[in-house]
Amino acid sequence: MKEFVRHTGLVAPLNRSNVDTDQIIPKQFLKRIERTGFGQFLFFDWRFDDDGRPRPDFILNQPPYNTATILLAGANFGCGSSREHAPWALADFGFRAIIAPSFADIFYNNCFENGLLPVILPEEAVSQLFQLAEEAPLTLTVDLEAQTVRDAHGRFSSPFTVNPERRQKLLKGLDSIGETLLHEDAIRAYEETHQLISLPSL
Amino acid sequence: MAAETLFEKIWRQHIVYQEAPDKAALIYIDRHYIHEVTSPQAFEGLRQAGRRVRRPDLTVAVMDHNVPTSDRSLPIQDEIARRQMEQLAINCREFEIPLFDLHHPDQGIVHIIGPEMGFTQPGMTIVCGDSHTSTHGAFGAWAFGIGTSEVEHVLATQTLWQSRPKTMEVRFVGRRPEGTTAKDMILALIRQIGVAGATGYVIEYTGEAVSQLSMEERMTLCNMSIEAGARAGMISPDETTIAYLASRPYTPKGAAFEEARQRWLALATDPGAEFDRVVEVDISQLAPMVTWGTNPEMSAPITERVPDPEDEPDPVRREMMKKALEYMDLKPGTPLSEIRIQRVFIGSCTNGRLEDLERAARIIQGRHVAPGVRAMAVPGSGRVKRAAEAQGLDRIFREAGFEWREPGCSMCLGMNEDILAPGERSASTSNRNFEGRQGRGGRTHLVSPEMAAAAAITGHLTDVRTLSSEVLS
Ligand code: SF4
C-alpha cells in the first residue's frame, strides 16, 4: 500500500451531501474480479450521458478538475453499499484524499485500507473551502503527519484528527494483515479457550 | 458485575487483544459470509501474499448478488457475472470453503440462508462484505458489513480491528396499528433520525412492539439499520428467538440445545444497563410508509402528499429535496396514493422471506395485477421458495399475473437482467431507493410487501388498508 505522509493537490468541489456508493461507482461495474481499473467508471452516471458521452457540466469533466487529487464533498459521504469498489474507483481516478464534514462508517474504514485519506473537517471549514474553490481552482496540502489541511496562501488552515493507529499505518503504508499476524499467539489462545461453532462441509 | 447491554456482552466476549480500553480491539469473528461480488479481490490478495484461509470452517460462501433469477438450466447470459461466479467456485475449492452455488437446493440471499440454516446464532460476531449484514442482529448477534480489504483480513486472520462503537437504544413505544409492518417501523425511524442519524452507533431495538415481532419481522427491522447509518442493529434474544432456532438444520439439538438456550437468553440486555443514547419512536399512529425521494429518509405515510421543498427551512435539505423530486419526476402536493407505477418487486433480504410472501399473497389472492404493470415475486432462498410452493403461494402469484422467479438479490440492486428501464417506476420491498439503484434512471418507492402487492393490483401506490376493506366487503 502507498504510504500517505502529506499531499498537495488540486481540489475538486462536489457540493452534495449523502453521496452514496451507488453514485460513486454504479453496480454494473462491480463485476470485475481485479482491484484496479475502476477509475474510468467513477461517478459514471454523473460523468456520462445515456450515450456514454461526457457531460460537460460535471466537475470532473472540466479541466483542470479532471486531474484533481483531493475531493471536497458534503456530509455523510460514501453512504450506502459497503462496496470497496468506491474507494478503489476514487483512488484509481487519482484521488489521494477526501474532505467532508462526515463520512459513512464502512466507507470511512475502506478508505484507510486503500491509502486514501478521509479528512473530517467542521461544517464551517468545509463551506469556507467550497467558497474558495468556487472563486478559483484551489490547491490544498493535506498533511497527515501534522494533521492539518492548509492552502499555500495562508487563507485556510484547519487541524483534523485521525485515529492514532490508523494514522501510523497510513504514514508507513503498512499492510494490516501482516500487522495483525504479529498477534498470532493471542488469536490462537482465543481459539483454544472459546467454543467456536464449525460449519459442516456442504 | 455491572448491568450490561447485549452489545457490551458480545464485545467483551470477543476481544482477542486490546492494548488499552480506549484503543481499537482485535475482535474474533465467529461467522464470515462471503459472496461473489465483494470477495474476488480478497482472494486475489491472499494468493499474492501466499496466505491461507485461517478458518474455512467458520466461513460460508453464497452466490446471490448477480445470479439469474430465470431458468437456471440455461447458460448465464451475462459474461462477467458468470466469470465472477466461476471465480467464487474456484476460490472456494482452493481454500476449502463451503459454497452454496447456483444449483444448490438451499441457495439464496446470504442474509436469508444464514439464519434459516441456523448458521447465525445469538452472541456471535458475524461479518460479510455486504452492508445489510445487520440483518443477523435480529438474533442477538453483532453483525456488520465490511469492505473487501476487511474480507481479506478476516479470511487470513479470522479477526478484525474495531474501535468500540457507541450504543443506541431505539425504543418503539405504543401499539403497532393494524395494517402496519416492521418495514413501516424502520422507515418511520429513518425518517425521524435521518440517514446518518445512527452513524457510529450500534442500535438495539426495544419495546413491547419489538418483542411482539416474529423473527422474520425482526430481520426486516435490523436489515435496514444501515440505512440510518448504524454500524449494526440488534435485538436481545428471547423465547421467540429460541423457538425459531430450535427447528434449524445446523443449530444444536437435544441437551446441547438446552445448554445453548440458557447461554443465549443470558445475553439479553440486563435491566438497568445504560445506552449512550436513547431514541423513542412513537408508533401508535403509524401508517403504511412509502418513500418519495432518493434515500430511505425521504418517506411519508401513504395518506400524505409529496412534500414541497419550499416548506423546508434548511437550504441544504431543500436543495436535496428538489434534486430528489426532479429525479423521481414528482410534483409537490401530489397525493402519494396517486403515483402510478409500472413495476413491482417483492423480494430481497429485507422482505424476501416466507412470511413476506404469505402476507403479499393474502392481498393479491383472487385479484389481478393492473394492466401495464410488470410484477415479480422473488423468494429469498431455495427453502423459502419450496415452502411457499408447498402452500400454493406460487399459484396465487402466477394467477394474479406475477412472475415467480428463482432465488437471488434480483431487482434489489439490479445486477442481472432484473432491472428497471430508464424512467420506469417501481414499488419495491427492498431497502434502497438511491438514484439508479434498480437500473439507470429507474425510480424506486420502498414499501412493505403488503403495500407492494396493493400497488401491483391497482397500478398506483395504494393504502393497503383501504384495499383490504374492499376485499372484506
Ligand atoms: S437483497 Fe439487496 S440488499 Fe440484500 S444482499 Fe442482496 S443486494 Fe444486498
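For clarity, every value in this text was computed on a predicted model and none was experimentally measured.
- Put simply, of B:V195, B:V151, B:T294, B:T38, the one with the most heavy-atom pairs under 4.5 Å next to chain A is B:V195.
- With a 4.5 angstrom heavy-atom cutoff, A:R16 touches chain B only via side-chain atoms.
- Proximity to chain B (any heavy atom under 4.5 Å) is shown, for A:D45, by both the backbone and the side chain.
- Electrostatic pairing of B:R83 and A:E34 counts as a salt bridge here, judged by a charged N lying under 4.0 Å from a carboxylate O.
- With a 4.5 Å cut-off on non-hydrogen atoms, A:N114 touches chain B through its side chain but not through its backbone.
- Looking at B:E435, the atoms closer than 4.5 Å to chain A (heavy atoms on both sides) sit in the backbone and in the side chain alike.
- Taking 4.5 Å as the limit, every side-chain heavy atom of A:L42 sits out of range of all side-chain heavy atoms of A:I25.
- Between chain B and the options A:G80, A:S17, A:A189, heavy-atom pairs under 4.5 Å are most frequent for A:G80.
- Interface residue B:H14: backbone and side-chain heavy atoms are both found under 4.5 Å from chain A.
- Residues B:F43 and B:I97 form a side-chain contact, since some pair of their non-hydrogen atoms from C-beta on lies under 4.5 Å apart.
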Quiz item: Hey, mind stepping through B:E297 and B:R317 against salt bridge (Lys or Arg N to Asp or Glu O under 4.0 Å) and telling me if it holds?
Solution: CA-CA 12 Å; B:E297 119 188 15; B:R317 293 177 65 93; 3.3 Å; yes
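- Both the backbone and the side chain of B:E152 come within contact range of chain A, with heavy atoms under 4.5 Å apart.
- A:V142 pairs in a side chain to side chain contact (heavy atoms under 4.5 Å, CB included) with only one of the listed residues (A:T69, A:T148, A:V119), which is A:V119.
- Taking chain B as the reference chain and counting heavy-atom pairs below 4.5 Å, the highest number among A:L181, A:D105, A:N15, A:N18 is found for A:D105.
- Contact count against chain B (heavy-atom pairs under 4.5 Å) is highest for A:D20 among A:N163, A:T21, A:N76, A:D20.
- Heavy atoms of B:L26 lying under 4.5 Å from chain A belong exclusively to its side chain.
- For the 3.5 Å distance criterion, the side chains of A:N110 and A:R83 fail to qualify, holding no donor opposite an acceptor.
- Residue contact with chain B, scored on non-hydrogen atoms closer than 4.5 Å, is absent for A:F107.
- Looking at B:Q438 and B:I419, their side chains never come closer than 4.5 Å, going by heavy atoms from C-beta outward.
- Using a 4.5 Å cut-off between heavy atoms, A:I106 touches chain B through its side chain atoms alone.
- Looking at B:R82, there are no atoms closer than 4.5 Å to chain A (heavy atoms on both sides), in backbone or side chain.
- With hydrogens and angles ignored, the 3.5 Å screen pairs no side-chain donor or acceptor of A:S157 with any backbone N or O of A:R150.
- With a 4.5 Å cut-off on non-hydrogen atoms, A:E165 touches chain B through its side chain but not through its backbone.
- In terms of modelled atom types and a separation under 3.5 Å, the side chain of A:T141 and the main chain of A:D143 share no donor-acceptor contact.
- Residues A:L140 and A:L129 are in side-chain contact: their nearest non-hydrogen atoms beyond the backbone lie under 4.5 Å apart.
- Each of B:E19, B:Q121, B:R31 has some count of heavy-atom pairs under 4.5 Å with chain A, and the biggest count is that of B:R31.
- A:L117 places none of its side-chain heavy atoms less than 4.5 Å from the side chain of A:C111.
- For a residue to count as touching a neighbouring chain, one of its non-hydrogen atoms must lie under 4.5 Å from one of that chain's; by this rule B:D78 touches chain A with the side chain only.
- Residue B:V37 touches chain A through both its backbone and its side chain, counting heavy-atom pairs closer than 4.5 Å.
- Here B:A24 is the residue among B:S39, B:A24, B:G229 with the most heavy-atom pairs under 4.5 Å with chain A.
- The most heavy-atom pairs under 4.5 Å with chain B, out of A:E191, A:E184, A:Q23, come from A:E191.
- When A:S176, A:C79, A:A104, A:P26 are compared by the number of non-hydrogen pairs under 4.5 Å with chain B, A:S176 comes out ahead.
- When heavy atoms are compared at a cutoff of 4.5 Å, B:R432 approaches chain A solely by way of its side chain, counted from C-beta outward.
- Salt-bridge check for A:R188 with A:E192: failed, with every basic side-chain N at 4.0 Å or more from each acidic carboxylate O.
- There is no contact between B:L160 and chain A, counting heavy-atom distances below 4.5 Å.
- The minimum heavy-atom distance linking A:D92 with A:F38 is given by the pair OD2-N, 3.2 Å.
- Residues A:W88 and B:Q41 have side chains in contact (heavy-atom distance under 4.5 Å, counting atoms from C-beta outward).
- In this structure, B:H35 and B:L88 have side chains that are not in contact, with every pair of non-hydrogen atoms separated by 4.5 Å or more.
- Only the side chain of B:T159 has a heavy atom closer than 4.5 Å to any heavy atom of chain A.
- Only the side chain of B:E44 comes within less than 4.5 Å of a heavy atom in chain A; its backbone stays farther off.
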